[in-house]
Amino acid sequence: MKVHYNYLPQEFAETSAIFDEWRILIESSDFTLGFYVEEFEKEFAKFAGVKHCVATNNGTDALILALKSIGVGTNDEVITVTNSFYATAGAIVAVGAIPVLVDCDDRFQICPKAIQSAITKKTKAILPVHWGGASPAIETILELASTYNLEIIEDACMGIGGSVGGKHPGSFGRVSAFSMHPLKSLNVMGDGGMVVTNDSDLNDWMRKYRNHGMISRDTIEFWGVNMRLQPLQAIVAKQRLQVLDETISKRNRNAKYLDENLSKLSKYVQLPNRIDTNVETFALYMGLFENRDRLKKFLKENNVEVKIHYPKPLHIQPAAQKSCIMGEKLTNSEYQAERLLTLPVHQYLDIQHMKYVCETIFAFYGYEDG
Ligand SMILES: Cc1ncc(COP(=O)(O)O)c(C=O)c1O
């Protein structure tokens, strides 16, 4: 049996519905923002339970747009987590601000205590990440933000379709960013992203900034840039949104099987606690594994593709040395980086695949099941 990590060939094996709508778009020549982008924005805002969605050309730009919209700029400190994708820190640096990188907890999520100890007079915002499609202790982070009068921008790039006590990731902060990169829970055929907010003034400003600051074809209110989502991608996004709940529920079924079976290996494998009131998207199914590198090789030899997200936390990157402030202790993220593996649980895999993954891991550790 082969267990692939990449599901894109299966996801886009049948594309006639996409081509049908692309044909209509091409005949209309409505290639800049327009009907499909607006429709997608409305549908996504409704899906996420927020008032406004501004679609962008990727998640990195969505973060930059969100940060700029609330005035994060030169020398402001923004507290975020060191185990995230590069864009989380890159976007903060792109607006002239300083990422303050703090540690994560055993669930791979930003640690509220570490946030608190990193707050200074220069802190402008907290940027919690819904890492891997699970969510941090968002209520505690909201309380901290309110006590210290800080803004919250959620990096919910991996959280599309999840839930935190019944609310969608990204619906807590004043403004939040999502990505539709091909390996996200809602993905397009290339790049896409969006920002959501309940604040109508921020929404107005972001719509203009995303489109050169234009208020009409010949009038620029302020200088902006081009961060527009392509209508071709809006069509893909709209169609994928229709099957997102089903996608997430299949991933959860697979993840549950792995949780139940890998927990038998508690001597070798550490899994994050799941929170009953949350739904994870399983953009990444991560665990900590003894002898990780040898296990990774063994899995590859046995046709199971796995990944590491990521071997180096952000604070270890050369780019971070001059541009970031490091939190007090970053030991959890370093410990985890040496043991992390991301296993495939995507929607095109079934329980037979999960059984094979578990049997292969059992064989590696010499465990005989039941
Ligand atoms: C946590 C996180 N933040 C930001 C991004 C950036 O998104 P994009 O690749 O769409 O620019 C990603 C995804 O790649 C991500 O996983």
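Everything numeric here is computed off the predicted structure, so don't read it as measured data. For ligands, and for the atoms within them, numbers begin at 1 and follow the listed sequence. Start at 1 with the first residue, then count along the sequence.
Per-residue contacts place G59 under 4.0 angstrom from the following atoms of ligand 1 (heavy atoms of the residue considered): 7 (O), 8 (P), 10 (O), 11 (O). For ligand 1, the atoms lying closer than 4.0 Å to a non-hydrogen atom of T88 are 3 (N). The contact set between ligand 1 and K184, taken as ligand atoms under 4.0 Å from a residue heavy atom, comprises 12 (C), 13 (C), 14 (O), 15 (C), 16 (O).
Defined by atom type and a distance below 3.5 Å, a donor-acceptor pair is missing between the side-chain atoms of N302 and T360.
Ring pair Y268/F364: centre-to-centre distance not below 6.0 Å.
Proximity of T60 to ligand 1, defined as any heavy-atom pair under 4.0 Å, is shared by backbone and side chain alike. Using a 4.0 Å cut-off between heavy atoms, S84 contacts ligand 1 through its side chain alone, with no backbone atom that close.
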Per-pair distances, 0.1 Å, donor-acceptor, side chain in residues 348-355, under 3.5 Å, sequence neighbours excluded:
residue, atom, partner, partner atom, Å
D350, OD1, Q352, N, 3.0
D350, OD1, H353, N, 3.2
D350, OD1, H353, ND1, 3.0
H353, ND1, D350, N, 3.0
K355, NZ, E359, OE2, 3.3

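For the pair D191 and ligand 1, the shortest N or O to N or O distance does not fall below 3.5 Å. Of the polar atoms of S179, at least one N or O is found under 3.5 Å from an N or O of ligand 1, judged by distance alone. Remark: ligand 1 and A87 share no N or O pair separated by less than 3.5 Å (distance only, no angle test).
Using a cut-off of 4.0 Å between Lys/Arg side-chain N and Asp/Glu carboxylate O, R207 and E41 are scored as salt-bridged. Between E11 and R240 there is a salt bridge, with a side-chain nitrogen of the basic residue lying less than 4.0 Å from a carboxylate oxygen of the acidic one.
Taking the six-membered ring for Trp and thresholds of 30 and 60 degrees, F47 and H168 have ring planes more than 60 degrees apart, a perpendicular arrangement.
In terms of protein heavy-atom proximity, atom 12 (C) of ligand 1 is nearest to F85 CD2, 3.5 Å. The protein heavy-atom contact nearest to atom 3 (N) of ligand 1 is D155 OD2, 2.8 Å. Scanning all protein heavy atoms for the shortest distance to atom 4 (C) of ligand 1 gives C157 SG, 3.4 Å. For atom 16 (O) of ligand 1, the closest non-hydrogen atom on the protein side is M158 CE, 3.2 Å.
Under a cutoff of 6.0 Å and an axis angle of 45°, K267 and Y365 do not form a cation-pi pair. Cation-pi contact between K208 and F222: absent, since separation from the ring centre below 6.0 Å together with deviation from the ring axis within 45° is not met.
Residue contacts with ligand 1 do not include G193, since none of its heavy atoms lies under 4.0 Å from the ligand.
Between H309 and W131, the shortest heavy-atom distance links the atoms O-CZ2, 4.0 Å.
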